[in-house]
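It should be emphasised that the depicted structure is a prediction, and the values quoted were computed from it without experimental measurement. Values below: all heavy atoms of this structure, side chains included; hydrogens, waters and symmetry mates excluded. Numbers for residues simply follow the sequence, beginning at 1. Just so you know, ligand 1 is whichever comes first in the structure, and atom 1 is the first atom listed for that ligand.
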Amino acid sequence: MNAAVPRPAMAPLDLARVRADFPILAEPVRGGRLAYLDNGATTQKPESVLRAMDHYYRHQNANVHRAVHDLAERATTAYEGARDRIARYLGAAREEIVFTRGTTEAINLVAYSYLLPRLKAGDEVLVTGMEHHSNIVPWQLVTAAAGARVVPAPVTDNGELDLDGWRTLLSPRTRLVAVTQVSNTLGTVNPIEEIVREAHARGIPVLVDGAQAIAHLPVNVKALDVDFYACSAHKAYGPTGFGALYARREHLEAMPPWHGGGDMIRTVAFEGSTWNDVPYKFEAGTPDIAGAIGFAAALDYIDALGLPAIAAHEHALLDEATARLSEIPGLRLIGTARNKGGILSFVMDCAHPQDVGTVLDQSGVAVRAGHHCTMPLMKRFGIPATVRASLAVYNGSDDLQQLVRGLHTVRRLFT
Ligand code: PLP
């Protein structure tokens, strides 16, 4: 391209077209328009994902990896094609993608298969104070079994990871660092590259919880240099109950199976069994084949829109939402990190978050009210709960207007 000719600006998203892709957005709720702002909990599904899963059951359904007939071959091709798609999306090799029921199961797999056999009494797992329970409790379960412990790194008042505090907690006892890439409660985007660099310099492996990241920012596990990366399809426009663990191949090769059953074996005898190759060694039983296909279709959808365009749209909306919420008297935002994704947690001085959520629901606004599976973080901020509005690609200013109108109703009712 001629350097004198300015490059065209990135095309903005066509919001009306994006919305038309999601049939549920036209669903009336409480007799009116739906403003779906609960995307941190789960996202809605585009037509292409619904179609891909429907197509599988109508035209391909059979069990995988036992192909002696046409349908079984189709199912296996679609299922393994999904593994290629997910690997490509994350920048991994296909052998490094283990299918799981989601982020939670992926982290439990690492806890039981990778960490537990290596743990000694006195060892530590370093997490942060903003982790989802899924990135705390599995470590508690395995450390308790070994006489080891989970250590939380501090969070600053604006909801950032206190990196200096985190650094002082890295020690020769640290067996693993586990950290979320994007906080589901605060929206904080953590400095994964820096965390990985510092942990690796001390020979400590790093697991990243990518549940809130993969639909919102480009992720390349090799560039991030992480050891483990966990994610869920349903947070990225895919189906519930499906997800993936990326793990470096050498880790997967060294890890023993976690669940036993069909498909994860090479041979079975009462004298002893042998295991399938990675990643199949970790995939016991008939998998969620439609889930894999739906996840792949969701990633196709994201890539077709383009993550840079999605991120630009969501950031503009986050800025607008932050400004609008800040104007509401008695509303306090929890989590104002400098590097933040589209999540707005807040409390109001006039009403409990549950009441705020209930009033908003009456106005057709779907938000979450509660601890968001981050009880230690609630304790850190001295609050029992927050209201959380979380953004996705199909949200727009009209959703924010509906939210703000609902919040004014809350103020009228409770003051
Ligand atoms: N980690 C984070 C940051 C999350 O937001 C969630 C879900 O809310 C999870 C983990 C758990 O994901 P799943 O329930 O899909 O396993």
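Between Asp21 and Lys45, none of the side-chain N atoms (NZ, or NE/NH1/NH2) sits under 4.0 Å from a carboxylate O, so this pair counts as no salt bridge. Ion pairing between Arg149 and Asp123 fails under the 4.0 Å rule for side-chain N and carboxylate O. Looking at Glu96 and Lys222, a side-chain N of the basic residue comes within less than 4.0 Å of a carboxylate O on the acidic one, giving a salt bridge. A salt bridge does not link Glu253 with Lys281: every distance from a Lys NZ or Arg NE/NH1/NH2 to an Asp or Glu carboxylate oxygen is 4.0 Å or more.
With hydrogens left out, the protein atom closest to atom 4 (C) of ligand 1 is His132 CD2, 3.3 Å, a heavy atom.
His372 does not count as a contact of ligand 1, since none of its heavy atoms falls under 4.0 Å from the ligand. Under a 4.0 angstrom heavy-atom cut-off, Asp209 registers as being in contact with ligand 1.
Each of the atoms 3 (C), 4 (C), 5 (O) of ligand 1 lies under 4.0 Å from some heavy atom of Gln212. The contact set between ligand 1 and Ser232, taken as ligand atoms under 4.0 Å from a residue heavy atom, comprises 12 (O), 13 (P), 15 (O), 16 (O). Near Thr180, meaning under 4.0 Å from any of its heavy atoms, are these atoms of ligand 1: 3 (C). Of all atoms in ligand 1, listed by their number and element, those nearer than 4.0 Å to a heavy atom of Ser134 are 10 (C), 11 (C). Residue contact check: Lys235 has heavy atoms under 4.0 Å from atoms 5 (O), 6 (C), 7 (C), 8 (O) of ligand 1.
Between Thr104 and ligand 1, at least one N/O pair is under 3.5 Å apart.
Distance check, rounded to the nearest 0.5 Å: CZ of Arg83 to CD of Glu95 gives 9.0 Å.
Side-chain contact check for Asp263 and Tyr280: no donor-acceptor pair (N or O, by modelled atom type) lies under 3.5 Å.
Cation-pi geometry between Arg118 and Tyr114 is met: the NZ or CZ atom falls under 6.0 Å from the ring centre, inside 45° of the normal.
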